[in-house]
Protein chains: 4
Amino acid sequence: MSPRSTEQNEAQRAQTRLLILETALKAFAEKGYASASISYIAKEAGISKGLSYHYFKNKEDLLVGIFEMLAGMADGLEAAWEGKTPREKLAMAIEMTFQILKEQPQTVRFMTALALQPEVTSHLKALIEAQKLINIKVYEEIFTELNYKEAEAEAYAFGALLDGVALGNLAIGNDYPLDTMKKVLYAKYDL
Amino acid sequence: MSPRSTEQNEAQRAQTRLLILETALKAFAEKGYASASISYIAKEAGISKGLSYHYFKNKEDLLVGIFEMLAGMADGLEAAWEGKTPREKLAMAIEMTFQILKEQPQTVRFMTALALQPEVTSHLKALIEAQKLINIKVYEEIFTELNYKEAEAEAYAFGALLDGVALGNLAIGNDYPLDTMKKVLYAKYDL
Amino acid sequence: MSPRSTEQNEAQRAQTRLLILETALKAFAEKGYASASISYIAKEAGISKGLSYHYFKNKEDLLVGIFEMLAGMADGLEAAWEGKTPREKLAMAIEMTFQILKEQPQTVRFMTALALQPEVTSHLKALIEAQKLINIKVYEEIFTELNYKEAEAEAYAFGALLDGVALGNLAIGNDYPLDTMKKVLYAKYDL
Amino acid sequence: MSPRSTEQNEAQRAQTRLLILETALKAFAEKGYASASISYIAKEAGISKGLSYHYFKNKEDLLVGIFEMLAGMADGLEAAWEGKTPREKLAMAIEMTFQILKEQPQTVRFMTALALQPEVTSHLKALIEAQKLINIKVYEEIFTELNYKEAEAEAYAFGALLDGVALGNLAIGNDYPLDTMKKVLYAKYDL
DNA sequence: TATGAATGAGAATTCATTCAT
DNA sequence: GATGAATGAATTCTCATTCAT
């Protein structure tokens, strides 16, 4: 009975939703969450303001949508880990971090800022916190496999180092010695 | 018109200015820059909205004022370094970081977020960048005194580690193993 | 194309129309005309938003439809009057008023509010006014049969009393002495 | 220290507040609560949209303000009752009702509709209910003084009659026999 | 210097209505 | 007939900033 086939509808929905998410991510990253208005995002996406509310019930929900999209991408990457040695995994973690830092600094900036904004609701706060802890757990497993005595502490330290490099790179910009830092990391973990 | 009253006036001005700055810092830290209104800050400080515009020509200017105040405080601390050994200095840098992280996490959150916000004017951006580089330089001197081969790289790594710990602590909250991380740092630098 | 299928179609149309009308009445009564959206009504009725525009060309038209439906129901009731004595008719008018007040207060609220809303189109206004006057005429006939000298005035007074009880009951709610008021009415008209 | 004297300020505030209240009452009465936008009210009052929010924190608060203003006016009238006989008081209640019905039908419409709107919050609902009950109590006292056996029931009936007349007058308009109804009331209560 | 009333631009959000399919 | 994606205008509300006093 449906005039537009269900699949067509769903495809359309998925496509528009993705368009909004990607436009919003770009806008939030460039202007900040508070400063990027729904109006602006809609205009950038070439749709009407009202349509965003068809897909996301409010601005916060859009933010959560972006977060989930990015978290989903990270999940996809984990498939690549299968069958690697612990040292290879560690190297991959480092490589991935530096790669995204170079290729999508705005996205990194956005995700990092997200964790620091008091405006963000506790729901999203919890999601962010959970994601961070998952990362730590992954690192801990690697260090356990590598027979580190204090695997958990080392995992936190490793995570902190990567985060700190990201933060420094974002704050200082092109003057930040990204390549040197990668070497330091490789040396530190004997890779 | 007597010089005496002028002095009094200036003291009064300085005091009111400081009151506004401190109130604004607290408000920005707690509610975020965008969400803390001038109205709210003025009310909290017990002054009128209009008066704050006598001291700071706009909201952005207030933000710069806060940053300069905090940077000035950091400068003041450097006096305490005089005559210490490099290892003592390193320990002090760590201690100070962890202390402020425990006592004024909101302020740290705010300053960190500041460094990430694209909304922030380029003037403030430059100030933040400069401040970060000054810190690195100080660390580099210490590591040079300690005969590290790669003093500069180590300084960046040390700064990144401290930043990363701060970030993790802010994102994860009370579950973050702050004390463990301090021990890791002491161990890592043999303090 | 066979007449049979046309009949089926018409029955289907009538049924869907009624479903929409009843759902809308419930929604308007519970949430108010302005606050009950077409979206909400369609969802409640289990149909699509677009379909309701096949049956009612706009929201206002839906309102008129509801009113006509209710007016039609009242007409139906008149059949029951046939062959009753005037005093029985008066008692029935009272009973019917109190019954609907108890069983469907929301509907009464809605219809009463409708009569008061300036937003309402003049077409609907005229319908409401006519309906009210018809009621008065019916009451007047009864009082004439009962040999009241001022039958018309008494009809207005009787109508006002019933309306006032309804209004009081709606405004005050469960604390309103509905049963007492019924006794007062019975006593007043010696029933 | 205040530059504009406190009295000046308060006078200004009171005046602007009253201007907004009266404009809003007029607008609500003419277009209905939902349809009269803050924008429209501000324009009618010749002030900016934002200023309304300086005086009333939201639209609902403005509504409460109007209600309180009208309730306050009614209180003022009570002073006139002092020293009158019960029958004079009853006559005055009737006169006042009919007078306001003739002179400010829109205000009556508005206040009546208010009691019926589901959109209105429970706070205002409670205020309206309380006001209605106060009226009933006043009537009850009169009927007690007049030695009616069922003073409370008669008070409710009297109130219902007045309300019903108001409702009929609003619904039917100029065709409603206001004067006849007043005579009916006078006759009924032997005034 | 100090006040806070007033402004106006812009934000988030809602919703009746249209229309391609 | 039936769907729901899409639109755009309107609405409530916020806030940085100005200015008369």
Side-chain angles (χ1 to χ4, degrees), chain A residues 1-6 8-10 12-13 15-17 34-42 46-62, chain B residues 9 12-13 16 34-43 47-62, chain C residues 9 12-13 16 34-43 47-62, chain D residues 1-6 8-10 12-13 15-17 34-42 46-62:
Chain A
M1 290 286 173
S2 56
R4 206 183 282 126
S5 76
T6 302
Q8 264 183 322
N9 246 331
E10 294 207 350
Q12 171 77 347
R13 262 196 88 78
Q15 186 186 329
T16 305
R17 198 186 127 93
S35 297
S37 74
I38 295 285
S39 239
Y40 173 81
I41 293 168
I47 61 168
S48 72
K49 220 182 336 176
L51 192 57
S52 328
Y53 286 91
H54 223 71
Y55 289 86
F56 302 94
K57 74 174 195 291
N58 52 36
K59 203 179 176 184
E60 170 84 28
D61 194 36
L62 180 51
Chain B
N9 268 341
Q12 167 71 13
R13 257 196 87 81
T16 303
S35 299
S37 72
I38 295 285
S39 252
Y40 173 81
I41 294 168
K43 192 173 293 170
I47 63 167
S48 74
K49 221 184 329 181
L51 190 55
S52 67
Y53 279 88
H54 272 287
Y55 288 88
F56 302 94
K57 74 173 197 288
N58 53 36
K59 204 179 178 184
E60 170 87 34
D61 194 35
L62 185 49
Chain C
N9 268 343
Q12 167 71 12
R13 256 195 89 78
T16 304
S35 299
S37 72
I38 295 285
S39 251
Y40 173 81
I41 293 168
K43 195 174 293 169
I47 62 166
S48 75
K49 220 181 333 180
L51 189 55
S52 65
Y53 279 88
H54 271 286
Y55 288 87
F56 302 94
K57 74 174 198 288
N58 54 34
K59 204 182 178 182
E60 171 85 35
D61 195 36
L62 186 48
Chain D
M1 288 291 174
S2 55
R4 207 183 283 131
S5 77
T6 302
Q8 265 184 321
N9 247 329
E10 295 206 349
Q12 170 78 348
R13 261 196 89 80
Q15 187 187 327
T16 305
R17 200 187 124 93
S35 297
S37 73
I38 295 285
S39 242
Y40 173 81
I41 294 168
I47 61 169
S48 72
K49 217 181 343 177
L51 192 57
S52 328
Y53 287 91
H54 224 70
Y55 288 87
F56 303 95
K57 72 175 198 291
N58 53 37
K59 204 179 174 184
E60 169 85 28
D61 195 35
L62 180 51

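Letters go in sequence order (proteins before strands), and every chain restarts at 1.
- Between the P atom of F/dT3 and the NZ atom of C/K43 lies a distance of 14 Å, rounded to the nearest Å.
- Contact check, D/Q12 against E/dA6: a side-chain N or O comes under 4.0 Å of OP1 or OP2.
- Taking atom NZ of residue A/K57 and atom P of nucleotide E/dT13, one finds them 10 Å apart after rounding to whole Å.
- The interatomic distance linking C/L62 (CG) with E/dC15 (P) rounds to 15 Å, in whole Å.
- Smallest separation of non-hydrogen atoms from D/Q12 and D/Y55: O-OH, 4.4 Å.
- Contact between the side-chain N/O atoms of D/T16 and the OP1/OP2 oxygens of E/dA5 is not found at any separation under 4.0 Å.
- With rounding to whole Å, B/Y53 atom OH is found 18 Å from E/dA6 atom P.
- Smallest separation of non-hydrogen atoms from D/S52 and D/I38: OG-CG2, 4.0 Å.
- D/Y55 comes within 4.0 angstrom of the backbone, heavy atoms only, and of no base.
- Proximity of A/R13 to the phosphate of F/dG4: no side-chain N or O atom is located under 4.0 Å from OP1 or OP2.
- Between the P atom of E/dA5 and the CZ atom of D/F56 lies a distance of 13 Å, rounded to the nearest Å.
- The interatomic distance linking A/D61 (CG) with E/dA12 (P) rounds to 14 Å, in whole Å.
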Sub-3.5 Å pairs of nitrogen or oxygen atoms, protein against nucleotides 8-11 of chain F:
{"residue": "F/dA10", "atom": "N6", "partner": "A/K49", "partner atom": "NZ", "Å": "3.3"}

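- A distance of 12.5 Å separates CG of D/L51 from CZ of D/R17, quoted to the nearest 0.5 Å.
- Considering all non-hydrogen atoms of both residues, A/A34 and B/A34 come closest at CB-CB, 3.7 Å.
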Checklist line | Canonical and wobble pairing (Watson-Crick, G-U, under 3.5 Å) of DNA chain E, dot-bracket with | | finding: .||||||||||||||||||||
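- The two residues A/S39 and A/K49 make their nearest non-hydrogen contact at OG-CD, 3.5 Å.
- In this structure, C/I47 CD1 and C/H54 NE2 are separated by 10.5 Å, a value rounded to the nearest 0.5 Å.
- Remark: A/H54 is not in phosphate contact with F/dA6, judged by side-chain N or O atoms under 4.0 Å from OP1 or OP2.
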